[in-house]
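Comments concern the structure below.
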Amino acid sequence: MTRFWFLLLVLIRLSQQNQTGASQCGPQNLTVGRSDQTVLVEWEDAPSCSALNHPILYNVTVLVEDQEVHSDGVWVAPGLVGSAHSWSWTSPLPMDCAAHTVRLRAQIDNQLSRPGQERTLPDEEALYNRHVFPQDAVLPAGSSASFCCRVPDGQHFDRMYLDGHTGNTTKISERRYALTVRLKPVVEFGATVLCETKSGRRFGSTVHIGYPPGDRDLRCETRDLRSVECRWNEGRNTMVKVKSQTSYQLDGSPCVIGSELRCSKRVNIEGGERNWTLAAQNVLGKVEIQDSADLSRRVHMLAPRGLSVGGVKARSVSLFWSWTVGRYSSLNLSCQMIVSDADGSFLQIQHGVGLKAAVLTDLRPNWGYEVKVRCGTAQHFWTWGDWSDRVSFRTEGDVPDAVDVWMQKKGNQTVMVWKKLLANQSHGDVTGYEVTWTRTSGSDRLHKEEVGAGVHNYTLGGDAVVVVVTVTARNQHGRSPPSAITVPATSPPGETSMNLSCFTGSDGGLNLSWSHHPEASCGYIVDWFPVLGDDPVGWLKLPPSQNSVRIKPKDAAAGRRYSVSIYACRAGALLLLLERKEGFFTEKLPEKPAELFQPLSYTQRGSDVEIRWDPVPLTQQPACIHGYVLHYSRDDDKPLSVTTENPADSSLTARNLPSGSYTFTVAARAAGGAYGGTTLQVLLNDQDSLSNIFISMGAVFVVLFLVAVLCCRHWACIKETFYPEVPKPKMADWFASPVKSADAFPQSGCHGEENTAVPELLLKPAAPLNNNNTTEQEDMALTSQAPPPYQNNPAPTVFPNLTYSLTVAGPERPSGYHPQILAEVFGQNRAAQKPIICVSEYIMAPQQRQ
Ligand SMILES: *[C@@H]1O[C@H](CO)[C@@H](O)[C@H](O)[C@H]1NC(C)=O
Ligand SMILES: *[C@@H]1O[C@H](CO)[C@@H](O)[C@H](O)[C@H]1NC(C)=O
Ligand SMILES: *[C@@H]1O[C@H](CO)[C@@H](O)[C@H](O)[C@H]1NC(C)=O
Ligand SMILES: *[C@@H]1O[C@H](CO)[C@@H](O)[C@H](O)[C@H]1NC(C)=O
Ligand SMILES: *[C@@H]1O[C@H](CO)[C@@H](O)[C@H](O)[C@H]1NC(C)=O
Ligand SMILES: *[C@@H]1O[C@H](CO)[C@@H](O)[C@H](O)[C@H]1NC(C)=O
Ligand SMILES: *[C@@H]1O[C@H](CO)[C@@H](O)[C@H](O)[C@H]1NC(C)=O
Ligand SMILES: *[C@@H]1O[C@H](CO)[C@@H](O)[C@H](O)[C@H]1NC(C)=O
Ligand SMILES: *[C@@H]1O[C@H](CO)[C@@H](O)[C@H](O)[C@H]1NC(C)=O
Ligand SMILES: *[C@@H]1O[C@H](CO)[C@@H](O)[C@H](O)[C@H]1NC(C)=O
Ligand SMILES: CC(=O)N[C@H]1CO[C@H](CO)[C@@H](O)[C@@H]1O
C-alpha cells in the first residue's frame, strides 16, 4: 500500500515536472561573439531541461537589421543536456556594416519553449564613423566577396563599385547596401571599393586581393660546411605584400629575408641525404616546399683570399692564395684561373687537395695580364665558388719571335721585306735587324748587314746567282731565330710567259683558291702589289693544308691594277709560282666617257666599215676589259652595236651600212659596264660606185705604175722614136717641163690602137696639178693611200718626193661630169679600145686633142 502511494506520488510529481519542465526548459547564459566575419554562439541548457528525457532541438536564427537571414537547428541528445553548446556561422555581409542579432529557442515536441534568448552584435558605426566595409581587407583572388555601404542620414544611395566595376548590389535596409563581386587580383597597392550617393558624395575603402604564397624551386647547399643555405624562387607574386608580407621558416626556424630569397641555418654536416623544408605563409595561406640533399656533395666554395703572384718568368708565373674555411683543406679541389689581357682571356684549370697555389703557363713574354681564381670540389662537383679578387702582373721579356720575311723583284734587284714585329711578337723593344746572305753555289762568303729598328727592307744587288737570305731581329734579351728565304736572282722560269687573267675583286678583296701542290711542304705564299708605282708588296703565308684565302689590302685604291701571285713553298728549294693574275680589288669606271681609244681609224669595205684602235695602255685601264662594243647610228636612226668578247681584239666591223652620216663609238666592256667611249664621225657615200671607183682606180694605178717603170727604163728609146715632131700639148705656159706628151701611139715600141684615151702619166714636183682645160675640178689624185671616198676634192697625197698625178681627158666630156663616174669613163674607154699591150717598150699615153 505504501508502495502504491509512493508510486502515485512520483507519477504526480513527474506529471507536474512534465508540465513545468516542458515550459521552462530553454537556453540560458547565451553569449554571442565574433571572429572576423564569423558569429560565435554559446549557451547552456536551463536546469529544468535536465528533467526531460528528450533530445532538445535548439532553433538558432540570425537576423540582420531585423531581417531573418539564416536559421539552423541544433539537436542536443539527452545525455548532453546540461553541458555547454556552441554554434557558429560566417556571415556573407561585413559584420561591421549591420547589426547581427542571434535568437535562440528550444523546441520540445514541436513546441517552442517560451523562454528564448537573444543577443545583438552591434555595428561599428558609432566607433569609427566609416561607411564602407570591410576596411583594408586582404581577400583571396578568385573568391566572391561582399562589400557594404552605410549611407549617412539624409543621403540616398546611388551605386557601388569595385575598381570601376559594378557587380550585384543588394539592399539590406533603408540605409545599408551590399555589393557582391568575384575577386580578381588588381594591383599590389590594393583596389578601391566606392559607394556613391545620389548627391554625389563618395565613400570608399581599400581592398587587397591576392594569393597565398607560391614559392618553389628550393635549393639548399653549404658554403662553409657548418650551415645550410637555401635559395628559392618566389613563384607567383602574392600581390598582397603591402598588407601581408610572406614570412618564411627553414626547418622550423624563422628566416630573415633581405633583398634576395635566401635563408641559412647552422647545422651539422654529416654525409647522408635529408629533407630541408621551407614554409612560406601569409594571411591568405601557407605553402611548404622541400629539397632533399646530401650537403657534403653540395659545397659552394667561398672565394680564395689574398691572391698573389710570385715567380714571374717570361712565359709562366706562380699564384698563391689562402682559404677562410679550414675544412676546405681536406677537399679535393679544382680551381679555374681566368687570365685576361688587352686582347681577351683564356682559362686554365688545376686540381689538388686543399689547393692553395698554381702555376700559369703559356703566357706571352713582356705582356700585361690580370688573373682571378675560383674553385669547386673535384669529386661531387656542385658549382663553381666565388671569384677571388683580380691581381695583375707583367711577364719578363724574351728574345723576339722570328720575323715574317718576303721578297719583291724590282727590275734586276730583289728587295727583301719583312713585317714589323708587333708587341706580342717582339717581347721587348726591337733594337735592330741583321740581314745575312750567302750564295748557294760559288763563293760561300757570308755577307752580314745591320739594319736599324725602323727599317723593314733590304735591297740585294742584281746577281744572277741563287742566294739564301736570313733576317734576325734583336732586342735587349737577345736575337730571334733567323728567318731564311731562298731567293732566285732571276725571275723563275715560266713567270714571265704566264698568261695573266684579269680579276675583279668583291668588297675590296679577292677570294683565291688553288689546287694543292704536292711539293708545297712548307705551305703557300700569296703576295700582291700594284702593277704601277713603287708601293711595297703585301703577303700572307699559309700552312700546307690551306688552299684558299681571301685577301683584302688595306690601301688598295679603286681602279688600281694589282698583280697577285700564289707560290708553293718547298723546303730548302726555290719557291714555285703556281698562279699569277692581274686585276682590280675594286674597279672604278670613269664617270665621264674618257677618250680611251686614241686614235680611232676606219676602213670602208663595200658597205662594211671596220673601226680600228690601238691597244689600251694598262695605265688607262681602271677596270678589267672583257671585250669591246662598237655602237653606230646614222643621223637619227636607232643605234646598233656589235661586240667582241676578246680583250685582245683591236677592231670591230659594222656591216651593211647604207650611205649616210654615221657616228661610231667604241667602248671597253668591264664587269660594271662599258667605259672609255670614243667617237668618230664618218660620212659614207654610195657603196657601189665607190667600190667601183676603188677597183678602177686600183687597176689604173697598176697600169700607170707599169708605164712609169717602163718610161724610166726606155727614155732614150722614146726620144729616138718620137723625135722631133711632138705636137705641143695645149697647156698653160707655166705647165711645161719635164712633161712630155705625145699624140701618136708608138708603133715600134708598143702595140695599141689609135685614138685611145689612155690616162696620161705626169711626173712633176709635189704640187697639185691644175688642169686648165677643165672648168671643174675633175682631177683625181691617185695615191698610195686611198683618200676618204666621201671627199669631193681630195688633196693629193704626197709621196716622199714625187706625186703621180693622173689626168684623164675625154673627147666629149659631158658637162655634168663628176669624179664619181670617173671609173665609168675608164671602163668605157677600155671597153671601146683594145687593151694596151706593153712589150718592153715605152708607152706614152696619147693626149687627146681638144
Ligand atoms: C508530459 O505531459 C504530456 C502532456 O502534457 C504527456 O504527453 C507526456 O507523456 C508527459 N511526459 C511524462 C514524462 O510524463
Ligand atoms: C526556427 O524557427 C523559425 C521561426 O522562428 C522557423 O522559420 C525555422 O524554420 C525554424 N528552424 C528550424 C531548423 O526548425
Ligand atoms: C549577380 O547575381 C546573379 C543572380 O543572383 C548571379 O547569377 C551573378 O553571378 C551575380 N554576379 C556576380 C558578379 O556575383
Ligand atoms: C623527404 O620527404 C619525402 C616526402 O616529402 C619523403 O618521402 C622522404 O622519405 C623524405 N626523405 C628523408 C630523407 O627524410
Ligand atoms: C682530385 O680530383 C681529380 C679530378 O677529379 C683527380 O684526377 C685526382 O685524382 C683527385 N685527387 C685525389 C687526391 O683524390
Ligand atoms: C698579335 O696581335 C695581333 C693583333 O694585335 C694578332 O692578330 C696576332 O694574332 C697576335 N699574335 C700572336 C702570336 O698572338
Ligand atoms: C725600305 O724602307 C724604307 C724606310 O722604311 C722606305 O723608305 C723604302 O721605300 C723601302 N723600300 C722598299 C723597296 O720597300
Ligand atoms: C740593274 O739595273 C740598273 C738600272 O735599272 C742598271 O743601272 C744596272 O746596271 C743593272 N745592274 C745589273 C747587274 O744588271
Ligand atoms: C696563253 O694563252 C694562249 C691563248 O690565249 C695559249 O695559246 C697559251 O698556251 C697560253 N699560255 C699559257 C702559259 O697558259
Ligand atoms: C669570299 O669569301 C667570303 C668568306 O671567306 C664570302 O663571305 C664571300 O661571299 C666570298 N665572295 C665571293 C665573291 O665569293
Ligand atoms: C557560468 C555562468 O555564468 N552561470 C550563470 C548562468 O545563469 C544563472 C542564472 O541565470 C547564474 O546563476 C549562473 O551563475
Side-chain angles (χ1 to χ4, degrees), residues 341-344 364 367 400-411 413-427 429-430 433 435 451-459 471 473 480 483 485 487 500-514 523-543 545-569 575 577-591 618-624 670-672 675:
D341 63 11
D343 294 345
R364 273 183 199 146
W367 204 250
D401 287 349
V403 292
D404 185 358
V405 180
W406 186 231
M407 61 180 169
Q408 185 177 21
K409 286 266 168 208
K410 288 204 168 163
Q413 294 182 322
T414 304
V415 181
M416 305 307 303
V417 285
W418 55 92
K419 287 178 182 164
K420 184 176 193 277
L421 288 177
L422 302 170
N424 59 5
Q425 299 165 325
S426 64
H427 312 326
D429 293 334
V430 172
Y433 298 93
V435 183
V451 174
V455 179
H456 302 99
N457 61 43
Y458 182 78
T459 304
V471 180
S480 71
S483 304
I485 192 164
V487 178
L500 299 181
S501 61
C502 190
F503 69 82
T504 303
S506 58
D507 293 333
L510 177 66
N511 291 3
L512 288 170
S513 64
W514 56 93
Y524 299 94
I525 297 153
V526 175
D527 82 357
W528 60 90
F529 53 87
V531 172
L532 301 163
D534 251 357
D535 298 55
V537 65
W539 73 94
L540 271 181
K541 290 185 176 169
L542 305 170
S545 59
Q546 194 175 345
N547 69 335
S548 68
V549 73
R550 176 173 172 82
I551 56 174
K552 188 170 181 180
K554 276 181 286 227
D555 46 0
R560 192 153 193 215
R561 193 180 191 87
Y562 272 75
S563 172
V564 174
S565 312
I566 302 163
Y567 297 88
C569 168
L575 296 155
L577 177 62
L578 298 182
E579 200 178 329
R580 170 166 294 170
K581 39 175 100 186
E582 284 187 4
F584 303 85
F585 292 108
T586 312
E587 296 193 332
K588 187 174 115 187
L589 297 190
E591 280 168 20
L618 288 190
T619 45
Q620 292 182 19
Q621 296 182 15
C624 288
Y675 71 94

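Just so you know, residue 1 is the first one in the sequence shown, and it goes up from there.
- For the atom pair CD of Q425 and NE2 of H427, the computed distance is 7.5 Å after rounding to the nearest 0.5 Å.
- The two residues S513 and S548 come nearest to each other via the heavy atoms CB-CB, 3.6 Å.
- Summarising the geometry of V526 relative to W514, their closest heavy-atom pair is CG2-CH2, 4.0 Å, with the distance given to 0.1 Å.
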query = Under the side chain to side chain contact (heavy atoms under 4.5 Å, CB included) criterion, do T459 and K410 qualify, and how do the steps go?
reply = CA-CA 9 Å; T459 304; K410 288 204 168 163; over 6 Å; no
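- When all heavy atoms of P400 and S480 are compared, the closest pair comes out as O-CB, 3.1 Å.
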ask   = Where do V435 and W418 land on the side chain to side chain contact (heavy atoms under 4.5 Å, CB included) test, with the steps shown first?
value = CA-CA 11 Å; V435 183; W418 55 92; 3.8 Å; yes
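- M416 places a side-chain heavy atom less than 4.5 Å from the side chain of V487.
- Using a distance-only test at 3.5 Å, with no hydrogens or angles considered, no donor-acceptor pair links the side chain of K541 to the main chain of W406.
- Nearest heavy-atom pair across A670 and Y675 is CB-CE2, 3.7 Å.
- Both the sub-6.0 Å distance and the 45° axial angle are satisfied by K419 relative to the ring of W539.
- Residues passing the side chain to side chain contact (heavy atoms under 4.5 Å, CB included) test with C624 are C502, T504, F584, E587, H626, sequence neighbours excluded.
- Here CG of D401 is found 8.0 Å from CG of N424. Values are rounded to the nearest 0.5 Å.
- Of the possible donor and acceptor atoms, none in the side chain of Q546 sits under 3.5 Å from a partner among the backbone N and O of P543.
- Residues L512 and E579 form no side-chain contact, since every pair of their non-hydrogen atoms from C-beta on lies 4.5 Å or further apart.
- To the nearest 0.5 angstrom, D404 atom CG is 14.5 Å from K420 atom NZ.
- Between F585 and V564, the closest side-chain pair of non-hydrogen atoms falls below 4.5 Å.
- Shown here are the side chain to side chain contact (heavy atoms under 4.5 Å, CB included) partners of S565, two or more places apart in sequence or in another chain: D527, S563, Y567, L577, R580.
- For the residue pair L510 and G505, the shortest heavy atom distance occurs at CD1-CA, 4.2 Å.
- For the atom pair CD (E582) and OH (Y562), the distance works out to 12.5 Å, reported to the nearest 0.5 Å.
- Note that CD1 of I566 is 13.5 Å distant from CG of L575, once rounded to the nearest 0.5 Å.
- Shown here for A623 and L589, the closest heavy-atom pair between the two residues is CB-CD2, 3.7 Å.
- V430 has its side chain within reach of Y433: a pair of non-hydrogen atoms, C-beta onward, lies under 4.5 Å apart.
- Residues D343 and R364 are in side-chain contact: their nearest non-hydrogen atoms beyond the backbone lie under 4.5 Å apart.
- Between R561 and L532, every side-chain heavy-atom pair lies at or beyond the 4.5 Å cut-off.
- Considering only heavy atoms from C-beta on, R560 comes within 4.5 Å of D535 through its side chain.
- Side chain of S426 to backbone of L421: no donor-acceptor contact under 3.5 angstrom is found.
- With a 4.5 Å cut-off on side-chain heavy atoms, D507 and R550 count as touching.
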